[in-house]
Amino acid sequence: MVRFINLTLAGITSGAVFAAVALALVLIWRATRVVNFAQGAMLMITTFIAWSVIDAGGSYWLALGAALASGLVLGAVVERVVVRPVENKPHLNAVIVTLGLFVVLQAAAGMIWGDTPHSYPPAFTIRGLSVAGTWLLLSPFDLFVIGAVAAVMVALTLLFVRTDLGLKLRAAAFAPEIARLQGVRVGRMLTLGWALAALVGSLAGVLVAPSVFVGPTQFDAMLVFGFTAAVIGGLDSPAGAVVGGLLLGCALSYVSGYVSSDLVTMGALAALITVLMVRPNGLFAASGGRRV
Amino acid sequence: MSGPPSADLLELRDVTVRFGGLLALDAVSLTAPRGRVTGVIGPNGAGKTTLFNVVCGFVRPESGELRWRGARLGRHRPHDLTRLGIGRTLQGLGLFQGLTVLENVMVGADRHARTGFASGLLALPRADRDEAALRGRALARLEELGIADTAARPPGGLPYGVQKRVALARALVCEPDLLMLDEPAAGLSAAEIDEIAELIRGMRGGPGVVLVEHHMDLVMGVCDRVVVLDFGKVIAAGEPAGIRDDPAVLDAYLGEEVRHDEGTA
């Protein structure tokens with residue numbers, strides 16, 4: 001029983017990070033109907049920037065701030081410079097462009113920071129908490145991870161549901177031409193959507209960095225897990241992305257704990273294929289076909 | 001709301017639009033005064049929609065000019081419309097299916113929202129206040145149109161006539177000085193058309209209204225002035241009663257059948 005609880009706790013922690021990556025993908029999918037295959041590379045770059053801040057003697061929080069700020073900027077720049085020219089072109093163009101960006105960013109990171117992974121400090125101790133004499137697979141840092149992701153989710157929900165800007169973001173995503181006639185600057189909304197998504201991604205990067213280390217290829221799996229979580233939730237649903245992330249996190253934790261940690265990636269693929277076969281629109285999507 | 005009180009709000013002077021070899025609008029002149037309803041009719045392909053699109057900034061005229069409150073409108077873009085004080089409904093509905101009725105209307109209320117990019121992003125208190133004011137104005141419009149009870153629902157499942165009202169509420173919520181209605185009667189039942197006519201008549205004395213419509217009874221019933229387009233040219237303009245009897249109009253637009261009906265009625 002303790003083992004099950006521990007695996008669940010570990011699953012929730014990693015699931016929170018998957019959820020953040022999934023949310024980054026969903027935000028971009030909703031705004032521009034593009035699956036951003038460069039998301040993993042983008043959060044790798046911002047995490048490297050955070051690592052550089054720490055390496056230069058900056059505090060953890062300064063580094064986190066640098067990662068979030070650079071994520072915001074990187075997202076906006078990528079939308080303006082790389083994605084904007086292929087908008088309204090066949091979907092495949094955007095897919096190829098983001099894949100190309102992924103390769104470019106990975107190569108650039110290798111040139112700037114080298115290929116050797118660097119360690120990244122956690123914000124708090126990763127020593128598990130002890131309850132009634134039993135050690136749990138839940139450390140203060142894990143709590144911070146869950147709390148940080150939850151805070152971002154709440155902030156984003158408030159932004160989208162409670163503010164005029166959020167309404168415009170949604171309107172621009174649903175029907176850009178009509179939104180334009182209502183006075184919405186659709187281009188700006190798309191840029192902001194990408195910036196917000198990259199911000200969430202950069203948070204995920206910093207949170208996962210202590211366990212995967214910081215290197216050009218260290219975050220590739222995050223894209224796979226995040227994408228799986230997003231598909232489980234239905235690519236259109238931010239709430240689904242969060243639930244999908246948590247479900248995937250727990251499922252992979254059980255696979256790793258009860259079967260073998262070698263099978264984790266295969267477990268993610270199995271989950272992805274199962275969902276695509278049983279509910280191709282995801283567990284939370286309303287309906288409607290889509291092409292990726 | 002500046003500008004001389006009784007001046008023409010919108011004025012087109014000799015506007016010409018050409019798509020390749022096709023003359024879509026041929027030196028069309030038109031005025032839409034404040035507080036009155038101006039109808040634009042014409043057969044399919046006469047240039048009605050092109051005219052709308054010129055006003056909205058989707059299409060740039062080859063020659064001629066567009067004046068808004070006496071000032072020339074040159075390079076305006078579609079997203080400038082609400083800021084200028086021009087509201088429009090679309091052919092069909094053009095509602096956001098993913099948003100609730102109230103949110104649909106709130107998107108249209110943008111003109112008065114002063115939320116900046118950064119303050120909205122950080123959800124600062126001012127943005128919150130604006131949002132509440134916006135919500136209030138949108139609800140008030142829905143109430144005026146008698147559909148406040150649908151506010152929280154997605155528009156997709158509502159009857160077509162109700163959805164048309166939502167679209168109208170959205171165009172009205174920014175308190176436009178000019179309201180452009182693109183075929184508001186399309187797809188409505190006779191009873192619903194009467195309701196729309198009533199709504200448009202009720203606006204007289206408020207914003208200027210430009211009504212593009214096929215439905216003759218609606219046009220004749222609510223317009224103060226009617227402009228008839230055919231092959232991109234204005235072939236007649238004047239009071240509805242005069243237009244109804246104009247032989248050029250009957251030939252071009254109403255056709256033999258209607259003339260026959262008129263004769264027997």
Side-chain angles (χ1 to χ4, degrees), chain A residues 26-27 29-31 33 68-69 71-73 75-76 151-152 154-200 234 236-238 285-288, chain B residues 52 56-58 77-90 92-100 102-124 126-135 138 154 156 167 170-171 173-174 180 182:
Chain A
V26 166
L27 287 178
W29 172 260
R30 274 163 58 102
R33 298 282 129 176
L68 297 181
L72 207 59
V73 173
V152 165
V154 170
L156 276 180
T157 309
L158 287 178
L159 172 69
F160 276 100
V161 179
R162 304 290 313 189
T163 71
D164 176 41
L165 184 68
L167 182 60
K168 284 191 222 163
L169 279 164
R170 283 186 291 154
F174 282 129
E177 282 309 313
I178 307 171
R180 206 161 269 140
L181 277 175
Q182 307 305 326
V184 177
R185 304 291 302 260
V186 172
R188 283 188 190 174
M189 293 303 126
L190 298 187
T191 307
L192 181 61
W194 272 76
L196 286 173
L199 174 94
V200 178
D236 257 331
S237 159
S287 63
Chain B
F52 248 60
C56 292
F58 279 126
R77 313 250 314 266
H79 60 243
D80 296 325
L81 277 185
T82 49
R83 198 174 41 74
L84 290 167
I86 302 176
R88 75 168 280 184
T89 64
L90 300 157
L93 289 165
L95 295 177
F96 301 101
Q97 294 303 337
L99 305 180
T100 67
L102 182 63
E103 286 171 340
N104 262 283
V105 178
M106 284 170 66
V107 174
D110 169 64
R111 183 190 181 188
H112 293 280
R114 254 172 285 285
T115 309
F117 212 56
S119 72
L121 181 59
L122 301 171
L124 295 179
R126 196 184 61 186
D128 229 30
R129 257 209 317 280
D130 269 2
E131 217 266 348
L134 209 104
R135 192 173 286 271
R170 186 177 64 188
V173 74
C174 66
M180 315 235 317
D182 200 353

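Throughout, protein chains are lettered first and strands after them, A, B, ... in sequence-line order, and every chain is numbered starting at 1. Since the model is a prediction, treat every value here as computed from it, not as a measurement.
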Novice: At a 4.5 Å cut-off on heavy atoms, which part of A:Ala155 comes close to chain B: side chain, backbone, both, or neither?
Specialist: neither
Novice: If I take atom CG from residue B:Leu90 and atom CD from residue A:Gln182, how far apart are they, to the nearest 0.5 angstrom?
Specialist: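 Rounded to the nearest 0.5 Å, the CG-CD separation comes out at 7.0 Å.
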Novice: What distance do A:Leu181 atom CG and B:Phe58 atom CZ have between them, rounded to the nearest 0.5 Å?
Specialist: 4.0 Å
Novice: Would you compute the distance between atom CZ of B:Arg135 and atom CZ of A:Arg162 and round it to the nearest 0.5 angstrom?
Specialist: 6.0 Å
Novice: How many angstroms lie between atom CE of A:Met189 and atom NE2 of B:His79, to the nearest 0.5 angstrom?
Specialist: 11.0 Å
Novice: To the nearest 0.5 Å, how far apart are CG in B:Asp80 and CZ in A:Arg185?
Specialist: 6.5 Å
Novice: So which heavy atom on B:Val107 is nearest to which on A:Ala171, and how close?
Specialist: CG2-CB, 3.8 Å
